[in-house]
Amino acid sequence: MQPTLTQYLLVGAVLFVAGVVCMATKRNGIGVLMGVELVLNGANINFVAFARYTPLGLDGQTISLFIIVLAAAEAAVALAIALNFYNNHLSIDVDRGDELKG
Amino acid sequence: MTGAQLLFWILALGACGGAIAVVIAQNVVRMAFWLIVSLGSVAGLFFQLHADFVGATQLLIYVGGTVVLLIFGVMLTASGPFLKIKTSTAELLLSAGIGGLVFVMLYTAVAGVDWNRAGADVIGAGRIPRDQFEEFVAGLEASDRERLESLYMLDESTDDPVYRLPPGRLSASDRDFLVAAWNAQERLNRPPAAPEGGTARPIGLSLVGLRPDRDLGADADSRLSTGYLLPFEIISVHLLVVLIGAAYLARAKRRTDAGGAP
Amino acid sequence: MQPILAGVTIRSFLHDSVGLSPTWAAALAAFLHAFILINTFAVLPLVFIWAERKISGRIQDRLGPTRVGGRFGWLQGLADGLKLIQKEDLVPAAADGMLFRMAPYLACMAAFTAFMVLPFSDGWVAFESDIALFLLFGILSLEVLGIVLAGYSSGSKWALFGGMREAAQMVSYEIPLAIGALVPVVAVGTLSLVEIGRMQAGWIWNWLVFTNPFVFLAAIVYFTAATASCKRAPFDLAEAESELVAGFHTEYSGMRWSFFFMAEYAAMFLVSGVASILFLGAWHTGIGPLDAALESARISGRAADSFYWPGWLANLFGAAVFMTKGSLLVCVQIWIRWTLPRLRIDQVMMTCLKYLLPMTCVLFLGAVLWPLAMTQLTGRTQLFTTPFGERIHPPTDADETALRDASPAAPESGAGSAPADTTSSLVIGHWSLDIGDSPPPPPPPPPAHLAQEGGFQ
């Protein structure tokens with residue numbers, strides 16, 4: 001008896017919601033980035049679970065490989081932006097970024 | 001509870017508990033630690049779903065690369081007063097409430113679908129024209145034919161009578177039986193399975209453009225399935241662009257306090 | 001769980017003969033494997049600590065430990081361990097309590113878990129998978145996290161600087177390490193360490209390090225990157241006693257410190273073991289007739305239904321050979337440590353990013369193009385004999401004729417006889433694509449009875 005597809009999808013849902021709440025509530029810029037990672041992982045679990053339990057097959061696993069790679073790339077660029085923000089404002093608090101000028 | 005289910009619960013607890021701890025923790029370095037726990041458990045779940053290559057990639061790139069990147073970012077931007085930036089309680093409650101609502105929505109959406117039936121529908125086994133059905137059933141053994149005929153019901157309301165799966169939940173064993181039946185037809189011919197979790201070779205070949213899981217059992221005049229060569233090349237260029245862009249963005253500049261241009 | 005009693009897995013043995021349920025059989029087999037591995041993981045550092053002190057003593061023209069346990073100080077490691085256990089458990093006041101306590105376990109866990117995919121002999125591996133090498137590097141990359149968290153959570157600036165330098169160094173050196181390890185993988189065609197080991201049976205020129213010059217250079221580059229990734233001198237900025245007190249483990253004492261120590265020595269043995277599998281013939285001795293006899297015993301053992309003593313003994317001998325090779329490479333690392341001076345951090349990073357990384361890229365490209373060039377020039381993909389040893393699928397007739405044509409032991413098939421009537425079959429794992437005039441293989445027959453398990457694969 002294996003875990004059903006629904007259980008895996010619920011794990012993915014919990015990760016997704018936790019990531020969204022993290023993105024919404026954290027004032028630390030890096031904390032927001034961690035939320036993004038959680039969201040992408042929730043989606044990944046969904047893809048791989050569907051790859052196993054439905055005729056999606058290998059496509060699901062390949063797509064999740066692409067997601068992992070793209071998430072790493074996006075984290076690198078987002079971190080560079082966060083470092084620039086820190087250099088300009090001397091703070092990583094995202095609430096300080098409320099002016100368009102400068 | 002079998003061993004597989006116990007293992008699933010442990011890993012699911014790690015993944016979900018780690019994710020919730022990331023949200024709750026106030027110290028950003030502790031958030032990073034709980035993120036490691038969560039992502040490591042997700043890698044374990046991938047292994048349990050027989051996606052060994054994806055699980056190893058998750059460990060290498062996500063946990064061993066992206067989280068290290070985030071920790072570097074924390075070290076470079078965090079000093080005393082910024083380690084714990086507190087959010088106001090009202091915002092926390094509002095976010096928790098909305099998060100709970102989104103989760104309830106996802107739960108009802110996920111639990112309300114009969115995934116077994118959806119899997120059968122995707123391969124076209126949900127609705128079969130009568131002559132096709134009878135031609136296929138004729139070549140089966142008696143017990144299989146009876147079981148297949150018991151699963152379907154004939155719908156003669158339109159001009160072309162079709163065999164449909166009746167409404168109601170489809171059980172897992174029926175789902176497996178249907179898929180095996182339709183796999184045996186030339187619709188989805190698959191070669192002998194790679195050992196459980198032996199996905200490295202099929203994934204590698206699909207990234208070069210071949211699809212051994214679709215093409216090897218097909219007949220000689222069917223078209224080859226498209227592989228993932230184009231996305232693979234696009235991602236290579238994309239990573240190059242990201243490397244150059246991130247290096248340019250993060251180059252050493254004068255630190256100004258009036259927000260001067262670099 | 002894989003065959004450790006040749007031909008009979010521990011789990012199936014427990015399930016069939018002893019009569020346990022599948023879950024309990026799997027759990028007990030896993031526990032046995034973990035028990036063996038954790039003992040190996042704990043004993044190896046003791047041996048290597050003693051070896052380091054003796055070798056460093058001799059290099060520095062002194063004797064090293066000579067008192068504990070006899071004339072050669074055999075039990076010095078044990079004495080050190082006992083001393084560390086009874087030390088006071090200090091946690092600095094400025095330290096982040098939870099992270100300070102968790103960091104040594106994180107580093108240790110990474111180094112220990114990677115042992116589960118390391119084969120000690122043919123089939124003697126806790127988790128046999130066809131991506132073993134990839135998984136090993138994935139798990140090893142987690143050690144960085146333990147070190148960074150240790151550096152941060154100690155609450156002292158020496159530790160923080162050491163931790164950051166160390167993280168930068170380890171993360172950077174993972175790239176030439178992985179690409180350098182990929183070069184023999186490209187030459188062989190599989191990521192499975194057991195398969196790579198099986199392919200190097202025979203005489204010493206079957207070892208992968210002699211396959212093509214790119215693999216030879218990749219062995220040297222891999223070993224350099226491995227030494228750096230284990231934070232050993234000349235790359236040991238993280239523990240530079242003269243500069244940073246002790247780097248990231250400044251504030252650690254007693255058993256917590258010894259966890260880092262065990263992780264370091266275990267990682268040294270791990271990368272040395274991987275180097276010996278990838279380049280130096282794994283568990284084979286390199287003496288042709290001896291390896292032929294041992295390999296035939298192992299193959300019979302794998303094919304047998306019940307326990308087959310000669311196969312198990314051949315595997316035991318192979319494990320001893322493997323441990324010897326791994327330990328020799330660790331002694332080479334110790335030797336390098338006490339011979340070369342330490343590099344500065346900018347020299348360390350420059351070595352990685354400006355020298356090793358382009359070198360590994362060029363070597364990878366060369367290793368990929370080598371079979372193409374060789375096929376154009378000589379009609380074979382490799383220069384020397386195709387190493388014997390069982391591949392994933394039993395060799396077909398086309399394979400055997402190609403093997404016979406390529407081996408120099410058949411003098412009548414020199415350069416003149418191009419294999420015209422044997423189709424060159426490209427063998428990819430379970431599925432072989434025939435490029436040639438032979439008809440494609442027939443599609444697999446549908447399952448006889450449709451109500452079988454395993455609808456989706």
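Order of the sequence lines fixes the chain letters, A, B, ..., with proteins taken first and strands second; residue numbering starts at 1 for each chain. The figures here come from the full heavy-atom set of this structure, side chains too, leaving out hydrogens, waters and symmetry mates.
- A heavy-atom distance below 4.5 Å is not found between the side chains of S38(B) and N41(A).
- Of the listed residues (A247(B), A19(B), G65(B)), the greatest number of heavy-atom pairs within a distance under 4.5 Å of chain A belongs to A19(B).
- Most heavy-atom pairs under 4.5 Å with chain B: of the set D59(A), V20(A), L5(A), L15(A), this distinction falls to D59(A).
- Enclosure of atom CZ in F16(A) is not indicated, since only 12 or fewer non-hydrogen atoms of other residues, nucleotides or ligands lie within 6.0 angstrom.
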- In sequence, state the C-alpha distance, the side-chain angles, and the governing distance for F47(A) and V54(B), and then conclude on side chain to side chain contact (heavy atoms under 4.5 Å, CB included). CA-CA 11 Å; F47(A) 270 116; V54(B) 180; over 6 Å; no

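- Both the backbone and the side chain of Y8(A) have a heavy atom closer than 4.5 Å to some heavy atom of chain B.
- Legend: residues meeting side chain to side chain donor-acceptor pair (under 3.5 Å) with N46(A), ordered by chain and number and at least two apart, are absent.
- Using a 4.5 Å cut-off between heavy atoms, L106(B) touches chain A through its side chain atoms alone.
- Proximity to chain B involves both the backbone and the side chain of I45(A), based on heavy atoms less than 4.5 angstrom apart.
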- Check the pair M31(B) / C22(A) against side chain to side chain contact (heavy atoms under 4.5 Å, CB included), numbers first and verdict last. CA-CA 10 Å; M31(B) 279 167 61; C22(A) 193; 4.3 Å; yes

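- V242(B) and A73(A) make their closest contact through CG1-O, 3.5 Å (heavy atoms, listed as atom of the first residue, atom of the second, distance).
- Counting heavy-atom pairs closer than 4.5 Å to chain B, the top residue among G35(A), A13(A), G42(A), A75(A) is A13(A).
- Heavy-atom pairs under 4.5 Å with chain A peak, among C16(B), A250(B), P231(B), at C16(B).
- Residues F66(A) and F232(B) share a closest heavy-atom pair of CZ-N, 4.1 Å.
- Pairing each heavy atom of L10(A) with each of F103(B), the nearest pair is O-CE1, 4.1 Å.
- Between the NE2 atom in H238(B) and the CD atom in E74(A) there is a gap of 9.0 Å [rounded to 0.5 Å].
- Residue contact with chain A, scored on non-hydrogen atoms closer than 4.5 Å, involves the backbone and the side chain of I203(B) alike.
- Most heavy-atom pairs under 4.5 Å with chain B: of the set L65(A), I81(A), V21(A), L33(A), this distinction falls to L65(A).
- Using a 4.5 Å cut-off between heavy atoms, V14(A) contacts chain B through both its backbone and its side chain.
- Between S206(B) and T62(A), the closest heavy-atom pair is OG-OG1, 4.0 Å.
- Once rounded to the nearest 0.5 Å, the distance linking CG of L58(A) with OG1 of T199(B) reads 7.0 Å.
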- Message: Go through it in stages, so that I can follow the logic: the residues are Q48(B) and V48(A), the test is side chain to side chain contact (heavy atoms under 4.5 Å, CB included), and I'd like the CA-CA distance, side-chain angles, deciding distance and then a yes or no.
- Response: CA-CA 10 Å; Q48(B) 201 178 8; V48(A) 178; over 6 Å; no

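- In this structure, chain A has a heavy atom under 4.5 Å from the side chain of L35(B), while its backbone stays farther away.
- Looking at every heavy atom in both residues, A111(B) comes nearest to T6(A) through CA-CG2, 4.1 Å.
- Residues satisfying the ring-ring contact (aromatic ring centres under 6.0 Å, His included) test with F72(B), not counting sequence neighbours, are none.
- A donor-acceptor distance shorter than 3.5 angstrom exists from the side chain of N84(A) to the backbone of L249(B), with no hydrogens or angles considered.
- Only the side chain of L79(A) comes within less than 4.5 Å of a heavy atom of chain B; its backbone N, CA, C and O stay farther away.
- The two residues A246(B) and A80(A) have their closest heavy-atom pair at O-CB, 3.9 Å.
- Options L69(B), L239(B), V22(B), V241(B) differ in how many heavy-atom pairs under 4.5 Å they form with chain A, and the most are formed by L69(B).
- Applying the side chain to side chain donor-acceptor pair (under 3.5 Å) rule to S225(B) yields the partners D215(B); only residues at least two apart in sequence or on another chain are considered.
- At least one donor-acceptor pair under 3.5 Å links the side chain of K26(A) to the backbone N or O of V23(B).
- Using a 4.5 Å cut-off between heavy atoms, A32(B) contacts chain A through both its backbone and its side chain.
- Defined by atom type and a distance below 3.5 Å, a donor-acceptor pair is missing between the side-chain atoms of N44(A) and Y62(B).
- Looking at I61(B), the atoms closer than 4.5 Å to chain A (heavy atoms on both sides) all sit in the side chain, from C-beta outward.
- Annotation: side chain of T25(A) is not in contact with side chain of E91(B) (no heavy-atom distance under 4.5 Å).
- The CD atom of Q61(A) sits 8.5 Å away from the CG atom of L49(B) when rounded to the nearest 0.5 Å.
- Distance CE/M34(A) to CD1/I71(B): 7.0 Å, rounded to 0.5 Å.
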- Item | side chain to side chain contact (heavy atoms under 4.5 Å, CB included) between V67(B) and E37(A), worked out | CA-CA 9 Å; V67(B) 177; E37(A) 303 305 326; over 6 Å; no

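- Here the OH-CG distance, from Y86(A) to L76(B), works out to 9.0 Å after rounding to the nearest 0.5 Å.
- Of the inter-residue distances, the one linking S95(B) atom OG with M23(A) atom CE reads 11.5 Å to the nearest 0.5 angstrom.
- Contacts with chain A (heavy atom to heavy atom, under 4.5 Å) involve these residues of residues 7-15 of chain B, listed by number: F8(B), W9(B), A12(B), A15(B).
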